[in-house]
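The next block holds one structure in the form of structure tokens; read it before the comments.
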Amino acid sequence: MKTPTPPPLDVTLMNALSLLLGGIFALLVLTKLVVWLAQLPGLAIAGISVGGDVAHNNAVTLRANVVPALRGTFLTLDLARARGAFEALPWVRRAVVRREFPNRLRVQLQEHQPVAYWGDEDESRLVNSFGEVFEANSGEVENDALPTLSGPSGQAASVLAMYQSLQPQFERLELGLDKLELKAPGGWRAELDNAGVIELGSGSAAEVSDRLQRFLRTLTQVSSRYRRHIQALESADLRHQDGYALRLRGVSTNVADRGKNQN
């Protein structure tokens, strides 16, 4: 029995090259076909269903600001870019975009929940419940009693956490904490709803909270000594090592009385 003679090398190479070229041609044809099918008018996005938090975004807003940014058909649309278009809206924190067969998009929105203003009063920045700063029309904020927080860039979450730690202590004495500022060197400054100002000093949240608690425990006693309500608090400085300095409205601050105004 004779062993088959292998084909010459040039024939083998020619056959391999033919197969390779045939595969490339078939792949190009298939790609062209897929692109053609994807761009058929019948695959254009026919509608967008939006759910989730939509208090600040209606159909008119979405049509004007998002739809023009969507490029492609149902099959070719870049979902990541579409998500970015929705998240670029002022009140949108997160957006989940999915295709819904045969030609629709389903979008789930999560809006920012504002808990405070951030920075100067003339700015349009807010802080959400995650301690993130975002920009939006402050005139659309439903809660008129939001506090104002401020501090170095990137510190909004820390300032919010400190506010949430201190606010209940003021509330127990019926004092409203309107503003809380983290100053550049690390010190904290509070402003009350009666315009009183308290220098809280620096340190961790626990240290500042303990310092404030000691002050508030004696504030009623000290203010009543001068026949004043705690709402008469004009300023206090808690940065002293062994006590605090206190100023009450209507109480003299001359040299003779200065010692009585400290505890």
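All values below were derived from every heavy atom in this structure, side-chain atoms included, with hydrogens, water molecules and symmetry-related copies excluded. All values derive from a computational prediction rather than experimental measurement.
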Item to check | Any Leu216 side-chain heavy atom under 4.5 Å of Ile230 side chain | outcome: no
Next on the checklist: Distance check, rounded to the nearest 0.5 Å: Ile45 atom CD1 versus Leu77 atom CG?
Outcome noted: 4.5 Å
Checklist entry - Is there side-chain contact between Ile198 and Leu233, with heavy atoms separated by less than 4.5 Å? => result yes
Exercise answer: donor-acceptor pairs, residues 138-151 side-chain atoms, under 3.5 Å, sequence neighbours excluded:
{"residue": "Glu140", "atom": "OE1", "partner": "Trp91", "partner atom": "NE1", "Å": "2.9"}
{"residue": "Asn143", "atom": "OD1", "partner": "Ala145", "partner atom": "N", "Å": "2.9"}

Next on the checklist: If you define the side chain from C-beta out and look only at heavy atoms, does anything of Met162 sit under 4.5 Å from Val208?
Outcome noted: yes
Show every donor-acceptor pair shorter than 3.5 Å between a side-chain atom in residues 169-180 and any protein atom, with sequence neighbours excluded, or say none if there are none.
{"residue": "Gln169", "atom": "OE1", "partner": "Gln213", "partner atom": "N", "Å": "3.4"}
{"residue": "Gln169", "atom": "NE2", "partner": "Ser209", "partner atom": "OG", "Å": "2.6"}
{"residue": "Glu171", "atom": "OE2", "partner": "Gln167", "partner atom": "NE2", "Å": "3.2"}
{"residue": "Lys179", "atom": "NZ", "partner": "Glu121", "partner atom": "OE2", "Å": "3.2"}

Item to check | Under 3.5 Å donor-acceptor, Asn194 side chain and Gln231 backbone | outcome: yes
Checklist entry - Are any of the side-chain heavy atoms of Asn57 and Val66 separated by less than 4.5 Å? => result no
Next on the checklist: Are Arg71 and Asp78 packed together at the side-chain level, in the sense that at least one heavy-atom pair is separated by less than 4.5 angstrom?
Outcome noted: no
Checklist entry - For the side-chain hydrogen bond (donor to acceptor under 3.5 Å, both in side chains) test, which of Glu87, Gln113, Gln110 pairs with Arg93? => result Gln110
Checklist entry - Between Gln221 and Thr218, is there a donor-acceptor pair closer than 3.5 Å when you use the side chain of the first and the backbone of the second? => result no
Item to check | Steps toward side-chain contact (heavy atoms from CB on, under 4.5 Å) verdict (Leu62, Val107) | outcome: CA-CA 11 Å; Leu62 298 175; Val107 182; over 6 Å; no
Item to check | Gap between atom CZ of Arg99 and atom CG of Leu105 - 0.5 Å precision | outcome: 7.5 Å
Next on the checklist: With heavy-atom distances below 4.5 Å as the criterion, would you say the side chains of Trp188 and Leu212 are in contact?
Outcome noted: no
Next on the checklist: If hydrophobic clusters are built from ILVMFWY residues whose side chains come within less than 4.5 Å, do Trp118 and Tyr163 share one?
Outcome noted: yes
Next on the checklist: Between the side chains of Arg125 and Glu135, is the shortest nitrogen-to-carboxylate-oxygen separation below 4.0 Å, so that they form an ion pair?
Outcome noted: no
Next on the checklist: Distance check, rounded to the nearest 0.5 Å: Phe215 atom CZ versus Leu238 atom CG?
Outcome noted: 6.0 Å
Checklist entry - Shared ILVMFWY cluster between Val96 and Val92, side chains joined below 4.5 angstrom? => result no
Next on the checklist: For a quick test of reading the model, state the closest non-hydrogen atom pair linking Ser129 to Leu160 and the distance between them.
Outcome noted: O-CD2, 4.2 Å
Next on the checklist: Quick check: closest heavy atoms across Ala69 and Ala85, and the distance to 0.1 Å?
Outcome noted: CB-CB, 4.0 Å
Checklist entry - Is the shortest heavy-atom distance from the side chain of Val115 to the side chain of Gln164 under 4.5 Å? => result no
Next on the checklist: Using the rule given for side-chain contact (heavy atoms from CB on, under 4.5 Å), can you reason through Val251 versus Leu246, listing the C-alpha separation, both sets of side-chain angles and the distance that settles it, and then say yes or no?
Outcome noted: CA-CA 10 Å; Val251 177; Leu246 175 66; over 6 Å; no
Next on the checklist: Would you say Val54 ends up clustered with Val97 if hydrophobic residues are merged whenever their side chains have heavy atoms under 4.5 Å apart, either directly or through other cluster members?
Outcome noted: yes
Item to check | Approximate separation, where rounding is to 0.5 Å, of His112 NE2 and Asp53 CG | outcome: 11.0 Å
Checklist outcome for this item: Interatomic distance, NE2@His240 vs CZ@Arg211, rounded to 0.5 Å, equals 11.5 Å
Checklist entry - When rounded to the nearest 0.5 angstrom, what distance separates CZ in Arg104 from CZ in Arg98? => result 15.5 Å
Next on the checklist: Between the side chains of Arg228 and Glu234, is the shortest nitrogen-to-carboxylate-oxygen separation below 4.0 Å, so that they form an ion pair?
Outcome noted: no
Checklist entry - Tell me, do Tyr244 and Val222 make a side-chain contact under 4.5 Å, heavy atoms counted? => result yes
Checklist entry - Does Arg249 CZ have over 12 foreign heavy atoms under 6.0 Å away? => result yes
Item to check | Joint hydrophobic cluster, Phe134 plus Phe130, side-chain heavy atoms closer than 4.5 Å | outcome: no
Checklist entry - Quick one: do Leu79 and Leu109 end up in the same hydrophobic cluster if we chain Ile, Leu, Val, Met, Phe, Trp and Tyr together by side-chain heavy atoms under 4.5 Å apart? => result yes
